[in-house]
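Throughout, protein chains are lettered first and strands after them, A, B, ... in sequence-line order, and every chain is numbered starting at 1.
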Number of protein chains: 2
Amino acid sequence: MKNIMLDERTKRVLCAVVESYIEKPEPVGSRYIMKKYGFNVCSATIRNIMSDLEDEGFLFQPHTSAGRVPTDRAYRFYVDCIFQETLKLQSAEIKRFVESLTKKLRKLRNNMNSLFLETTQSLSQATKYLGLALLPETDKTTLHRVDFIKFRDDLVIAVVVNDKGIVKNKIIKAYPEITQQELSNLADFVNSNYQGKAFDEIREDLFLRIKREKIFWDKLIAKILKMCQQALYFSREDLYISGLYNIMHLPDFSDIEKLREIAKTIQDRHLLIKLFENISENDDIKIIIGDENPIEELRSLSIIASPYKERDKSLGVIALVGPKRMDYQRAIMLVNAFAKSLTDTLSE
Amino acid sequence: MKNIMLDERTKRVLCAVVESYIEKPEPVGSRYIMKKYGFNVCSATIRNIMSDLEDEGFLFQPHTSAGRVPTDRAYRFYVDCIFQETLKLQSAEIKRFVESLTKKLRKLRNNMNSLFLETTQSLSQATKYLGLALLPETDKTTLHRVDFIKFRDDLVIAVVVNDKGIVKNKIIKAYPEITQQELSNLADFVNSNYQGKAFDEIREDLFLRIKREKIFWDKLIAKILKMCQQALYFSREDLYISGLYNIMHLPDFSDIEKLREIAKTIQDRHLLIKLFENISENDDIKIIIGDENPIEELRSLSIIASPYKERDKSLGVIALVGPKRMDYQRAIMLVNAFAKSLTDTLSE
DNA sequence: TTTAGCACTCCAAATATTTAAGTGCTAACA
DNA sequence: TGTTAGCACTTAAATATTTGGAGTGCTAAA
């Protein structure tokens, strides 16, 4: 259901209601709107408009004699209204935040973990919402170096460093006879053949080799290559989360039971990672409002997520999770600016 | 201030009040105590005793005509009373928990991260409080293998695996001319000389070598060794935290502002790590009640912490953080049993 | 030292009362 | 036809009032 055509005045009223409610979470009355947002019609007129908006599903009345509260649909309309122009804006305050972040990031350029921790913390700090960042998927990076370390007889620890300097390790089973020397040779082989190559590409190539070996030559070598192939697969699991305590005191979460459920879902990570992985494919800032969220437990929230890139390749996402009645204007500006800052740092 | 001598009956009354308050967070009256805990005296007598206990600082009366509430001192007295015998107890329910945990841990034996994650999650699950675990300090483990990886000109990533299979990495500056081959040689040198040695021992030995080299031979080699020494130092930073959402719905945290502060402090980690490092030196279960906590923000909580060991060497701590009015008996049994289970797994 | 008994205190829950904000509707107006 | 003034009506939230009961402290007697 696409937006019904609303005339200019009606739009203004709707946006005014949303903004007013964002500012203070209380049902908004017609007189208040009229005065505060400088409409030159009397409150009864506004009242009629608001009544229409309610019929269209943009507003909701908690009870007969109360003012009105925006629905998710209203937030969506509001965001669509302000989105384009907001991207162009930049307040002095936000400039300050971004400059400070950029400076810090430059120093952390070489340590991805600190880099993303700092980003999410700053984002949370600046907005008082929850800051998130999804690290680059290993498969989107290239192999810098691998090392295989024999550990306790039948185990091998594979340590992989990618071109972003992110170190990952994986414990895999191996047949006990294999020696550290053989493992080192294997590592040398992989390093000299595959450095700078994408992980999926490497696995693919290994797959072909395995097939060849299996058919024509050495089954053992095929086995080792298989292990190696395994060692180079990493599922995405690095999600940084900062500032959970920041969203606790928002009036929107006065219900502890709800807060608890949210905290549980967020701590779980899996769902969020999946959500952000989709967005990471995307090219633009994505805004998810309330009901639109595929994660049911988070439908009382809104999410603003932006991919960050290296040059033109999207690597991951940074995101902001806050109440539906968040200050979208500010939040969009910040997420946008932070993503740019991160992109710049990574593209240097 | 050590415990004043209380006669047997007074002790029983005090413990009864504490237990009753733990069960239900409401001021406890004299008649209730008399009936529920089977005292063969009339309520007025209990009343007199409770009045005495208030004078001694064990109980507190929210207002004149209310029952009484235990103070931190009362909890301390209660815990001291039940502690010894509690260690010997073991309910069927707890046995179940521990068996299930032990089974899981055995499977995760080779992956320390999962091992500790599972432990804290189970602990939180079983108690509905907050489960924590401090990983073994790198300096308390021995070197299994190290690898130096050249990264971006003047950086080296040191990847260290200790005898617990924990992989750590550290980014250090190095002079740009150093080649990967030289780094590999260095790693070979360290691996063949120091495998199985304690980290502090290695650093100490390197220190001597550096001195020698500097004085007699090659300044460059001294530099490299220095870098190597740096690479082998890790401050403690691995604290697992599970189940924050579990403590949210406890009546003790109905004040969101307080909960927020607690969440913030816990997320901060530093303070907790410091606290647990001290306890890790200790040999026994340590219980910290309210005021006794050196961390001011956590004075509305109690902590039960137990070191876990490998054979007889204490490695780290697992701990439970909950409200002061927690079920100490159950909590102590669980922490104790979980620590044993972890110790067994690690000592196998 | 313990107990019975009683006056007293104070909270908490239930109930009533007031207040204020905001609506919907009608009739008049431009 | 859209807008406005005016007014009756609704409702929640704030405030005040009442009531019940749990629990105490004290006193005098056992």
* Selection residues 288-301 of chain B - residue pairs positive for side chain to side chain donor-acceptor pair (under 3.5 Å), sequence neighbours left out -> B:R76-B:E292
* Among D:dT3, D:dA5, D:dA12, which is the nearest nucleotide to the side chain of A:H63? -> D:dA12
* Asked: Starting at CZ of A:F39 and ending at P of D:dG2, how long is that distance when rounded to a whole Å?
  -> 18 Å
* **Contact letters for nucleotides 15-30 of chain D, in which S counts primed atoms plus P, OP1 and OP2 and B counts the base, heavy atoms under 4.0 Å** => --------BBBB----
* Structure fact -> Sorted by chain and number, sequence neighbours left out, salt bridge (Lys or Arg N to Asp or Glu O under 4.0 Å) with B:D327 holds for none
* Tell me, please, which residues at least two apart from A:Y78 pass side chain to side chain donor-acceptor pair (under 3.5 Å). => A:E19
* To do: Whole angstrom is fine here: how far is it from CG in A:L59 over to P in C:dG22?
  => 14 Å
* Asked: Is there a side-chain contact (heavy atoms from CB on, under 4.5 Å) between A:F338 and A:S306 once you walk through the steps?
  -> CA-CA 9 Å; A:F338 271 48; A:S306 167; over 6 Å; no
* **For atom CG of A:D52 and atom C1' of D:dT1, their distance in whole Å** => 14 Å
* **Protein-nucleotide distance (A:M34, atom CE; D:dT3, atom P), rounded to Å** => 15 Å
* Which residues share a side chain to side chain donor-acceptor pair (under 3.5 Å) with B:T120, sequence neighbours left out -> B:S242
* Sequence neighbours excluded, which residues qualify as side chain to side chain donor-acceptor pair (under 3.5 Å) partners of B:Y328? -> B:S302
